[in-house]
Amino acid sequence: MKDYKRYLITAALPYANGPVHIGHLAGVYVPADIYVRYLRLKGIDVIFVCGSDEHGVPITIKARQEGVNPKEIVDRYHEMNKKAFADFGISFNIYSRTSNKTHHETASGFFKTLYDKGIFLEKTTKQYFDTEAGQFLADRYITGICPICGNASAYGDQCESCGTSLNATDLKDPKSTLSGSTPELRDTLHWFLPLDKYEDFFKNWILKENKHWKVNVYGQCKSWLNAGLQPRAVSRDLEWGIPVPVEGADGKVLYVWFDAPIGYISATKELTKDWEKYWKDPETRLIHFIGKDNIVFHCIIFPAMLKAEGSYILPENVPANEFLNLEGDKISTSRNWAVWLHEYLEEFPGKEDVLRYVLCANAPETKDNDYTWKDFQTRNNNELVAILGNFVNRSFVLTQKYYNGLIPEPGKLLNSDKKTLAEIAVIKQSVENSLDNFRIRESLKYAMDLARLGNKYLADTEPWAIQKTDPERVKTIIYISLQITANLSALIEPFLPNTAGKLREYLNIERINWTDIGSDEILKPGHHIKKPGLLFDKIEDAAIEAQLEKLNSTKKMNEGSETNAPQQKDLISYDEFMKNDIRIGTILEAEKVPKTKKLMKLKIDTGIDQRTVVSGIAEYFEAEEIIGKQVSILVNLEPRNIKGIESQGMILMAEDTDGSLKFIMPGDKVSNGSVIS
RNA sequence: GGCGAGGUAGCUCAGCUGGUUAGAGCGCGUGAUUCAUAAUCACGAGGUCGAGGGUUCAAGUCCCUCUCUCGCUACCA
C-alpha cells in the first residue's frame with residue numbers, strides 16, 4: 001500500500017431523529033474508534049470526524065408529530081448522542097452537526113461550485129403547492145384518495161392501505177396536511193447530479209482500482225453500476241434544510257443526501273484551519289466507516305460529488321459492515337427493539353469496555369450478526385474476567401505477596417522465558433496485520449492471545465510451587481509476567497481504552513507507545529505498582545434477566561396492537577362506504593405469476609361472474625391450499641393491468657403485525673355473490 | 001423475478017491463486033493445578049464444509065442446477 005502522510009477517518013453521521021443503539025456501534029463507531037486509536041498510538045497523523053445529520057423529511061415529520069419545531073428534535077438528539085458517544089469513549093476529534101453555520105456555508109458553497117461549473121442538469125416538474133402555507137409539499141405531506149384501492153387517506157408517496165408506492169400527482173382529491181387546503185400543481189425547478197456521466201469513471205475506479213474493498217462493498221457497487229446510474233435530484237421543495245444558493249430558489253433546500261456527507265468536510269473545517277490538507281492532498285488516506293445501508297452514498301454518490309467539484313481526494317477505502325440483530329430480531333427504532341447506548345451507560349455504569357468488547361467480538365463484518373444478552377454475559381465472564389482480568393490479577397497478587405508490590409530483579413532468562421517474550425512481538429504483529437486490513441474482530445482475538453500467553457506462562461512455570469525452593473527463579477517469572485501485563489496495557493488500548501487506563505494506573509506507569517510493545521523492560525526492577533483492583537467484575541444472571549425482561553415487555557407492547565395499529569382514517573359517509581361493492585367469492589383457480597415474488601393470479605367465482613384477479617399474496621400462500629376457499633372481493637374496483645394480466649377486483653386481506661396476510665372470510669359458508677355491508 | 005452478499009464443528013467465525021489426516025475462540029467432556037473473581041493449563045469428543053450434478057490425478061476452494069438467510073430492485077390494486 002501507498003505510504004500516506006495522514007489519515008482522515010469519518011464515521012457515518014447518525015440521523016438526529018433518535019438515539020444511538022448497539023447496531024450503530026457494532027457496525028460503525030466501535031470499529032472506527034478502534035482503528036483510529038490504533039493509528040494514534042502509532043503516532044500517525046489522523047483525525048476522526050463525525051456529527052449529527054439533521055436535515056431531511058423524517059425529522060420534519062417527527063417534529064410535526066410532536067407538535068414542535070424541527071430544531072427542537074435535532075437539538076434533543078444531537079445533545080443526547082454527542083454525550084452518549086463521549087461517555088462511551090468514541091474518540092471523535094470533533095462531533096459536529098449539519099444544522100450549524102459552518103456546515104450551511106460549506107454545503108452551500110459546494111453546491112455553488114458545482115452549479116457554476118455547469119455540472120447540474122435542471123429539470124422542471126410539476127409538484128403540489130400549498131397556497132395557504134405558501135410552500136411546496138413533500139409527498140408525505142399530501143393525503144388523498146388512493147387511485148388503486150380507494151383508501152381515502154393515502155399519502156403522496158405511499159398508500160399504507162394497499163402498500164402501493166405512489167406519486168403525489170396520482171392521488172385523487174389531494175389535500176395538504178399542513179393546512180388542509182387543496183394544493184395546486186405548480187412547476188418547480190430542480191437540479192440534478194448527472195451520475196450517469198460518471199458511470200465510466202466509476203466502472204474503472206471501483207471495479208478496477210478498488211478491488212481491495214471488502215467483498216460486500218465491492219459487490220454492492222458492482223450491482224449498482226451494472227444497473228446503470230441515473231441523474232439524482234440534489235434539491236427539493238422543503239423548508240427544513242440548507243437553502244439552494246441560487247437566485248429564485250426560494251423554498252428549495254439541498255436534498256439531505258447531498259448535504260449530509262459534506263458534513264464530514266464542514267466538521268473538519270471546524271476542527272482545523274488545515275482542513276484542506278486532509279481533504280485535498282493525495283497523500284491523505286480518506287476512509288469512511290459506515291453501515292451497509294450507506295454503501296452507495298459513500299462509494300458512488302459522494303465520490304461523484306467530490307470528483308465533480310474537482311479539488312478533493314476520493315476515499316481510499318469504505319469498510320462497510322453489515323447489520324446487527326438483537327436476540328434474533330432486526331433492530332428497529334420505531335418498534336423500540338434496540339439496546340440504546342444512553343440507557344446501557346446508565347444501567348451498566350463503568351462497563352463501557354465490556355460493550356465495546358462484545359460488540360467488537362461480534363461485529364457484523366461479513367454478514368449480519370446476532371447480539372444476545374446471554375452472549376454478552378458469557379463473553380464478559382469467560383473472556384474478560386476469566387482470561388484477561390484473571391491473568392492481570394494473578395500477576396499482581398503474586399507481586400504483592402512475594403515482593404510487596406516491587407518489581408523484582410530478573411535472573412538469567414531460560415529459553416522458555418525468551419520464547420514467551422518473543423511471542424509478544426508476534427502477537428502484536430498479528431494484531432497490526434488484522435487492523436490494517438479492517439479485520440477488527442480478528443484483531444481483538446489476537447490481542448486476547450497476549451493474556452492467554454500470560455496465563456499459560458504462569459501455569460507452565462508455577463511460581464507458587466517453587467517459591468520456597470527457588471526464590472531467585474520466581475523473581476524472573478514474576479518479572480516476565482509483569483512485563484506481559486505492561487505490554488497488555490498498550491495492546492488492548494485501542495479496544496478497551498478504559499481498561500488500559502485502569503491497568504496503567506495499577507502498574508503506576510504512563511501510556512506506552514505502540515512501537516514499544518514487545519519490550520521486556522517496560523517496568524524497571526524496583527518500580528512500585530499500586531495495590532490493584534479488579535479490571536472486570538462478573539455479570540450475574542439477574543442483570544441479564546432484567547435486560548431480557550425489558551425486551552420482553554417491549555415485545556408485549558408491540559403485540560398489544562394498540563400501539564402499532566395505524567390511526568383511524570378520516571370519517572366517511574354511509575353513502576361513500578356503500579360505493580364499495582364487496583362480495584364473497586370462491587377461489588376456483590390459483591397460480592403464481594411467473595417472474596414475480598408476490599403475485600398470484602386467481603380465478604374467482606363472484607356469484608355474478610367468474611373473473612381474474614391478480615393479488616400480492618404469493619409470499620404467504622401456496623396455490624393449491626387456497627383453491628376452494630371463500631374470500632372477500634371488491635368487485636367494482638376499476639380493472640388494472642398487472643404484468644400483462646387484467647385484474648378485475650381486489651381480494652381483501654388483513655395484514656398482521658408481522659406483515660403476514662390473512663384472508664377475510666365468512667364465518668360460515670355463504671353463497672357466492674353475497675354482499676358485504 | 002433480476003442483481004449483490006452469505007450458508008464450514010452446539011455458538012461466533014478463519015480457510016489466499018484447487019493439493020498431505022478441514023482450523024481458531026467460546027461452550028462441552030476428561031485430567032492436572034491452586035497464585036487467581038470455581039478463574040487457569042493440558043488433552044479430547046464434535047463437521048458427508050446448505051443440496052445435487054459436473055470438471056480434475058485431486059474441490060470447502062472451479063463450473064452448472066436447486067434451496068435457505070440478508071440487502072438493493074421490480075412487483076403488491
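Keep in mind that the numbers below use all heavy atoms, side chains included, and drop hydrogens, waters and symmetry copies. Reminder, nothing fancy here: chain letters follow the sequence lines and each chain counts from 1.
- Ionic pairing of A/K445 and A/E442 is not present here: no N-O contact between side-chain nitrogen and carboxylate oxygen is shorter than 4.0 angstrom.
- B/A14 and B/U61 are spaced 13 Å apart, taking the C1' atom of each and rounding to whole Å.
- A/Q377 and A/D541 are linked by a side-chain donor-acceptor pair at a separation below 3.5 angstrom, with hydrogens and angles left out of the test.
- With a 3.5 Å limit on both pairing distances and Watson-Crick or G-U wobble geometry required, the stems of 3 or more pairs in RNA chain B span B:1-7 with B:67-73, B:10-13 with B:23-26, B:28-32 with B:40-44, B:50-54 with B:62-66.
- Within 4.0 Å of A/V385, counting heavy atoms only, lies at least one base atom of the nucleic acid.
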Under 4.0 Å protein heavy-atom contact, by nucleotide of nucleotides 7-17 of chain B - B base, S sugar-phosphate only: -S---SSS---
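- Cation-pi geometry between A/K629 and A/F663 is not met at under 6.0 angstrom from the ring centre and within 45 degrees of the axis.
- Classified by its glycosidic torsion, B/G25 falls in the anti category, the angle being over 90° from 0.
- One C1' atom belongs to B/G60, the other to B/G23, and the distance between them is 12 Å to the nearest Å.
- Where A/N381 and A/L458 each meet RNA chain B at their nearest nucleotide, the meeting point lying more 5' is that of A/L458.
- In A/K419, the NZ atom is not crowded: 12 or fewer heavy atoms of neighbouring residues, nucleotides or ligands sit closer than 6.0 Å.
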Please tabulate, for the side chains in residues 387-401 of chain A, all donor-acceptor contacts under 3.5 angstrom to protein atoms that are two or more places apart in sequence or on a different chain.
unit_1	atom_1	unit_2	atom_2	d
A/R394	NH1	A/N455	OD1	2.8
A/S395	OG	A/F391	O	3.0
A/T399	OG1	A/S395	O	2.7

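- With respect to A/R611 and A/D605, no salt bridge is recorded, no charged nitrogen being found less than 4.0 Å from a carboxylate O.
- Separating the C1' atom of B/G50 from that of B/A9 is a span of 15 Å, rounded to the nearest Å.
- In summary, the side chains of A/D417 and A/Y457 do present a donor paired with an acceptor at a separation below 3.5 Å, with no hydrogens or angles considered.
- Counting non-hydrogen atoms under 4.0 angstrom, A/L535 reaches a base of the nucleic acid.
- The distance between atom CD1 of A/I206 and atom P of B/C3, rounded to the nearest whole Å, is 20 Å.
- Note on A/F391: nothing from the nucleic acid sits closer than 4.0 angstrom, heavy atoms only.
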Worked verdict on A/Y446 versus A/Q429 for side-chain hydrogen bond (donor to acceptor under 3.5 Å, both in side chains): CA-CA 9 Å; A/Y446 283 130; A/Q429 188 56 246; over 6 Å; no
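- Salt bridge A/D581/A/R583: present, at least one basic N to carboxylate O contact under 4.0 Å.
- Taking atom P on both B/A42 and B/A24, the two are 12 Å apart, rounded to the nearest angstrom.
- The residues A/E322 and A/K367 are annotated as not salt-bridged, no charged nitrogen and carboxylate oxygen being separated by less than 4.0 angstrom.
- For B/C62 and B/C16, the C1' atoms lie 15 Å apart once the distance is rounded to whole Å.
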Please report, to 0.1 Å, the donor-acceptor pairs under 3.5 Å made by any side chain of residues 222-232 of chain A, with sequence neighbours excluded.
unit_1	atom_1	unit_2	atom_2	d
A/N226	ND2	A/K222	O	3.4

Is there any protein nitrogen or oxygen under 3.5 Å from a nitrogen or oxygen in nucleotides 40-46 of chain B, and what are the pairs?
unit_1	atom_1	unit_2	atom_2	d
B/U40	O2'	A/R394	NH1	3.0
B/A42	OP1	A/K456	NZ	3.4

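- When the C1' atom is compared between B/A38 and B/A32, the two are found 15 Å apart, to the nearest whole Å.
- Note on A/K538: a base of the nucleic acid sits closer than 4.0 angstrom, heavy atoms only.
- Residues in residues 203-216 of chain A take part in these salt bridge (charged side-chain N to carboxylate O under 4.0 Å, His left out) pairs, two or more places apart or across chains: A/E199-A/K203.
- A/E383 comes within 4.0 angstrom of sugar-phosphate atoms only, judged by non-hydrogen atoms across all strands, and of no base.
- Counting non-hydrogen atoms under 4.0 angstrom, A/V613 reaches nothing in the nucleic acid.
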